[in-house]
Amino acid sequence: MTFNEKLSAIWLMIQGSPLTGISLTLLAYVFAMYLYKKSNYKPILSPFITSMVVVVSVLLITGISYQDYFAGGKFIHFLLGPATVSLAIPLYHQLHRIKKLLVPIIITLLASVFIGALSAIGIADLMGASIATQISLAPKSVTTPVAMGISEQIGGIVSLSAGLAATTGVLGGVIGLKVFSLVGVKDDRYRGFAMGLTSHGLGTAVAFKESNTMGAFSGLGMALASFTTAFILPWLLSFLDII
Amino acid sequence: MDFILGFALLLIFQLLGEMLVIFFELPVSGPVVGIVLLLAALIVKGSVGKPLNTASTTLLGHLSIMFVPISVGLMAHFELLMNEWLAITITLIGSTVIMLASTALMMSFASKFLVKETKHDL
């Protein structure tokens, strides 16, 4: 092999190997965490946003395709499963508090599924978004893997739903605390539950930074919202004649 | 060791969840069913134990990195996003603010009227 052939063989390997996607994601995250700490935890510099910007920029500059990237990215994506299951542990620790609030929790949960889907579809329709976008927006408040499942069932664009759900998560994490203080809700249990219902896992990550109580209630909101939305949303959309 | 054992337990509960999803044709994902199963197991057992505590603290502390790979996939919808970015942005912000505010207030009011609270709980 000539020197140039060797170089292009190496480049092919870099594009195809899962090592690239994994190390790119990990390095982007480490860099993002460093910035986040340096900025004294400014919400706009949340590690998720920075990591995404870094990864997308690197892919665009190098021309590595999303499929090639995901060959490695899927290993990190995989961790979302066990991490979701592990929410059972903070939930267990908060069980005595949750039992006390059972009735408000059920009322708020059911209302939130309707408020979330109807406000999203309503605003998107008003703004002239296409039907495909409206449907893909409907499950935006549930955790990404569940949002993908629901989107598939109701005929949305699956990967668009995943991205919009993640964006909703990060958005809630960034503006959540401000909205709560604006409406004057200070209790960590209520703030946490509202955060989880709206912004699932990424909101829960922010909630845990505030307090364990807020994190556990956010995890509860996320788990309950996923279940309830998965059952109600397909029915609601066909009732509204959207699908 | 604690982490490895705890991590293995989490994977097993996810696996059980995935099995139930297929068996009962549930519309939710395996991990969400896994939460319910693990919570039930913890209630029966009565304690969490160090392995699961270690694994959950580690994983939940870095939850945000796990959303990165799938979200980068938004790239693939560049054209659609360019065409409808304004509608999508306003919908996301509007709907998120409405949900955050309404659910927080609803929890707050419902608790005030429906739950008797003693100082001890706060």
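Naming convention: chains lettered A, B, ... in sequence-line order (proteins, then strands); numbering from 1 in each chain. Heavy-atom basis, side chains included; hydrogens, waters and symmetry copies ignored.
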Given heavy-atom pairs under 4.5 angstrom as the criterion, report whether the side chain, backbone, both or neither of [X] touches chain B.
X	result
Leu182(A)	neither
Phe75(A)	neither
Thr143(A)	side chain
Met222(A)	neither
Val185(A)	side chain
His93(A)	side chain
Leu24(A)	neither
Thr167(A)	side chain
Leu164(A)	both
Val55(A)	side chain

For each of [options], tally heavy-atom pairs with chain B at distances under 4.5 Å, and name the one with the top tally.
options	answer
Thr168(A), Thr133(A), Leu109(A), Ile115(A)	Thr133(A)
Ala230(A), Ala194(A), Pro82(A)	Pro82(A)
Ala205(A), Ser159(A), Gly128(A)	Ser159(A)
Thr204(A), Val183(A), Ile89(A), Val179(A)	Ile89(A)
Ser51(A), Gly116(A), Ala166(A), Ala162(A)	Gly116(A)
Pro104(A), Gly215(A), Gly73(A)	Pro104(A)

Approximate separation, where rounding is to 0.5 Å, of [X] [atom1] and [Y] [atom2]:
X	Y	atom1	atom2	answer
Ser108(B)	Phe193(A)	OG	CZ	13.5 Å
Met106(B)	Ile107(A)	CE	CD1	9.0 Å
Ser71(B)	Ile49(A)	OG	CD1	11.0 Å
Leu79(A)	Leu11(B)	CG	CG	8.5 Å
Thr96(B)	Leu171(A)	OG1	CG	4.5 Å
Ile65(B)	Met33(A)	CD1	CE	9.5 Å

For a quick test of reading the model, state the closest non-hydrogen atom pair linking [X] to [Y] and the distance between them.
X	Y	value
Ile70(B)	Phe70(A)	N-CE1, 4.1 Å
Val48(B)	Tyr92(A)	CG2-CD2, 3.4 Å
Leu101(A)	Ser111(B)	CD2-OG, 3.6 Å
Val85(A)	Leu38(B)	O-CD2, 3.7 Å
Ala88(A)	Leu42(B)	O-CD1, 3.9 Å
His77(B)	Leu160(A)	NE2-N, 3.5 Å

Answer with side chain, backbone, both or neither: which region of [X] has an atom nearer than 4.5 Å to a non-hydrogen atom of chain A?
X	answer
Leu52(B)	both
Ala104(B)	both
Leu10(B)	both
Ala101(B)	both
Leu37(B)	neither
Leu80(B)	side chain
Phe109(B)	neither
Thr89(B)	neither

Report task. Evaluate the side-chain proximity of Thr103(B) to Arg191(A): yes if any heavy-atom separation is below 4.5 Å, no if none is. Result ->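 Heavy-atom side-chain distance check fails, nothing below 4.5 Å.
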Query raised in the report: Taking it one step at a time, do Met107(B) and Ile105(A) satisfy side chain to side chain contact (heavy atoms under 4.5 Å, CB included)?
Result: CA-CA 7 Å; Met107(B) 271 304 277; Ile105(A) 282 175; 3.8 Å; yes
Query - Heavy-atom pair count under 4.5 Å with chain A, highest-scoring of Gly94(B), Pro31(B), Pro69(B) - result: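 Ranked by heavy-atom pairs under 4.5 Å with chain A, first place is Pro69(B).
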**Report entry** Selection from Ser29(B), Gly73(B), Ser102(B), Ala110(B) maximising heavy-atom pairs under 4.5 Å formed with chain A
**Finding:**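 Top count of heavy-atom pairs under 4.5 Å with chain A: Gly73(B).
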Query - Whether over 12 other heavy atoms sit under 6.0 Å from Phe3(B) CZ - result: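 Yes, enclosed.
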Report task. Please find out if less than 6.0 Å separates the ring center of His77(A) from that of Phe67(B). Result ->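 Here the rings of Phe67(B) and His77(A) have centres that are no less than 6.0 Å from each other.
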Requested in this report: Please determine which of Leu60(B), Thr57(B), Leu63(B) meets the side chain to side chain contact (heavy atoms under 4.5 Å, CB included) test together with Phe208(A).
Outcome: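 By the side chain to side chain contact (heavy atoms under 4.5 Å, CB included) criterion, Phe208(A) pairs with just one of Leu60(B), Thr57(B), Leu63(B): Leu60(B).
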Query raised in the report: Hey, does the side chain of Glu84(B) reach the backbone of Ser130(A) with a donor-acceptor pair shorter than 3.5 angstrom?
Result: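 Yes; at least one donor-acceptor contact below 3.5 Å.
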Requested in this report: Could you tell me whether the side chain of Tyr29(A) and the main chain of Met66(B) form a donor-acceptor pair under 3.5 Å?
Outcome: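 Between the backbone of Met66(B) and the side chain of Tyr29(A) there is no qualifying donor-acceptor contact (under 3.5 Å).
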Query raised in the report: Hey, mind stepping through Lys140(A) and Met99(B) against side chain to side chain contact (heavy atoms under 4.5 Å, CB included) and telling me if it holds?
Result: CA-CA 11 Å; Lys140(A) 68 176 175 31; Met99(B) 269 193 91; 4.1 Å; yes
Requested in this report: Let me see the working for Ser119(A) and Ser95(B) under side chain to side chain donor-acceptor pair (under 3.5 Å), right down to the final yes or no.
Outcome: CA-CA 5 Å; Ser119(A) 65; Ser95(B) 175; 2.8 Å; yes
Requested in this report: Test Leu137(A) against Leu92(B) for side chain to side chain contact (heavy atoms under 4.5 Å, CB included), laying out the working first.
Outcome: CA-CA 8 Å; Leu137(A) 274 163; Leu92(B) 286 180; 3.7 Å; yes
Report task. Any chance you could lay out the side chain to side chain contact (heavy atoms under 4.5 Å, CB included) test for Thr84(A) and Ile35(B), step after step, and finish with the verdict? Result -> CA-CA 7 Å; Thr84(A) 305; Ile35(B) 299 181; 3.8 Å; yes
